[in-house]
Amino acid sequence: MYDGFEALPFTPEVEASTAQVWEKIRAKVTPLEWRLQAPLISAINGLKRHKNAVILAHNYMTPEIFHGVGDYVGDSLGLAREAAKSDAALIVQAGVHFMAETSKVLCPDKRVLIPDLQAGCSLAASITAADVRLIKQRYPGLPVITYVNTTAEVKAETDVCCTSANAVQVVEWAAAQWGVDRVILLPDEFLARNVARQTSVGVIAWHGRCEVHERFTAADILELKEAYPDAEILAHPECPTEVLEVSDFAGSTAAMSDYVARRQPRQVVLITECSMADNVACDAPGTEFVRPCNLCPHMKRITLENIYEALVKEQFEVTVDASVAERARLAVQRMIDMPPPAAPARYDLVKARRHVDVELI
Ligand code: 13P
Ligand code: SF4
């Protein structure tokens, strides 16, 4: 429990002001936990109003954050779009550092806080701006597309950003704009391989991996299918291609939520970070969630306690050098300006092409 302040009291006023949140998450939180969480939720929501602040919460936040204090919740693409639109004075990023940098790049005049500066990402750590400059020298004339899971310095070397929700669209757009049949797509090897299965554009890929999704194997999925033959298996495209091939559906975190909301499967498995299933389950009482999942240690650094502390002390401010931000903004804004996909993009590997042109560097 947070040790910087005394635990806030669970008063009748707190209970009343958080009753709707409790109804939503009570299946995921014990009454003992709730008596500690509810006062923080109430205090955070009061501080947000007082300080004209918003909280952008990623789908991998725990349910008390996601459903209790998130003003905008969603996938990386959705959060970037919300940051761009926000008129709040203060943005608290309930997510990881690259997401906070993206918000700062899009909103240079706002203060952007992250509750824990150590909330990193193995993909963002896998590549530097110097790496990208060398890659550009090696493949002159090819557009550089980077996943938003990168630092602002890397984005500044980039032509356009993408997320897993729009990567195929961005790859095809860039190939057409540059008049080329190959693009550079950094830094997630598996996302690049999965995108390449969806398009005739060739892909030059980097060897970055998400430490959460790379751990899933096709054998895990086959084992799950045997144990839960009726379950529908949804996987994130940061997983290895072999995992997607034996899953029933693949898409970004938003696409997975959308799948459950629209299809209301009786039983489902989400092959992604653990909290995602808890958050979706709160809105899908008719669906049973089988829960093999991996925790993202970076996402899990964000807690109600450090969000509260971030708002009280207005810490930790995320800054991006102005010239880096200006160049990074072009790449992110190009992505934001693309029309949003009609439905969240799915990775349909079953019907995908057999020949796939991927060069790994
Ligand atoms: P999306 O929310 O874009 O699917 O990304 C998942 C992820 O791993 C973010 O860190
Ligand atoms: Fe990075 Fe993977 Fe964690 Fe997302 S889940 S923040 S991609 S390590």
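First listed ligand is number 1; within each ligand, the first listed atom is number 1. These numbers come from the heavy atoms of this one structure, side chains and all, not from hydrogens, waters or symmetry mates. Heads up: numbering here begins at 1 and tracks the sequence.
Atom numbering of ligand 1 starts at 1 in the shown order; those under 4.0 Å from a heavy atom of Met299 are 10 (O). Near Ser252, with a cut-off below 4.0 Å to any heavy atom, the atoms of ligand 1 are 4 (O). Remark: ligand 1 atoms within the under-4.0 Å shell around heavy atoms of Asp75 are 1 (P), 2 (O), 3 (O). Close approach to Tyr60 involves these atoms of ligand 2, each under 4.0 Å from a residue heavy atom: 5 (S). Near Ser164, the atoms of ligand 1 lying under 4.0 angstrom from a non-hydrogen atom of the residue are 1 (P), 3 (O), 4 (O). Taking a cut-off of under 4.0 Å to the non-hydrogen atoms of Leu123, the atoms of ligand 2 that pass are 7 (S). Near Asn149, the atoms of ligand 2 lying under 4.0 angstrom from a non-hydrogen atom of the residue are 7 (S). Close approach of ligand 1 to His236 is summarised as follows: ligand atoms under 4.0 Å from at least one heavy atom of the residue are 1 (P), 4 (O), 5 (O), 6 (C).
Hydrophobic clustering, with ILVMFWY side chains joined whenever heavy atoms are under 4.5 angstrom apart, keeps Val144 apart from Leu134. A chain of hydrophobic side-chain contacts below 4.5 Å, direct or via other Ile, Leu, Val, Met, Phe, Trp or Tyr residues, connects Leu117 to Val96.
Ion pairing between Glu359 and Arg182 holds under the 4.0 Å rule for side-chain N and carboxylate O. Salt bridge Lys51/Glu314: present, at least one basic N to carboxylate O contact under 4.0 Å. Salt bridge Arg215/Glu211: absent, no basic N to carboxylate O contact under 4.0 Å.
In summary, an N, O or S atom of Cys210 is located under 2.8 Å from atom 2 (Fe) of ligand 2. Within the coordination shell of atom 3 (Fe) of ligand 2, defined by N, O or S atoms under 2.8 Å, Cys121 is absent.
Other residues, nucleotides and ligands place no more than 12 heavy atoms under 6.0 Å from the OH atom of Tyr72. Other residues, nucleotides and ligands contribute only 12 or fewer heavy atoms inside 6.0 Å of the CG atom of Asp87. The environment of Glu317 atom CD is dense: over 12 non-hydrogen atoms of other residues, nucleotides or ligands sit within 6.0 angstrom. In the displayed structure, Gln20 atom CD is contacted under 6.0 Å by at most 12 heavy atoms of other residues, nucleotides or ligands.
Among Glu238, His298, Met256, Met99, the residue whose heavy atom lies closest to atom 8 (O) of ligand 1 is Glu238.
An N or O contact shorter than 3.5 Å links Thr253 to ligand 1 by distance. No N or O atom of Asn59 sits closer than 3.5 Å to an N or O atom of ligand 1.
Counting heavy atoms under 4.0 Å from ligand 2, residue Glu273 does not touch it at all. Looking at Glu273 against ligand 1, nothing comes within 4.0 Å, counting heavy atoms. Here Asn149 has side-chain heavy atoms under 4.0 Å from ligand 1, and that is the only part of it that gets that close.
Remark: of the listed residues Asn149, Val148, Leu330, Val148 is the sole one forming a side chain to side chain contact (heavy atoms under 4.5 Å, CB included) with Cys161.
A donor-acceptor pair shorter than 3.5 Å can be found between the side chains of Thr272 and His213.
Looking only at protein heavy atoms, the nearest one to atom 5 (O) of ligand 1 is Ser76 OG, 3.5 Å. The protein atom (non-hydrogen) at minimum distance from atom 3 (Fe) of ligand 2 is Cys296 SG, 2.4 Å.
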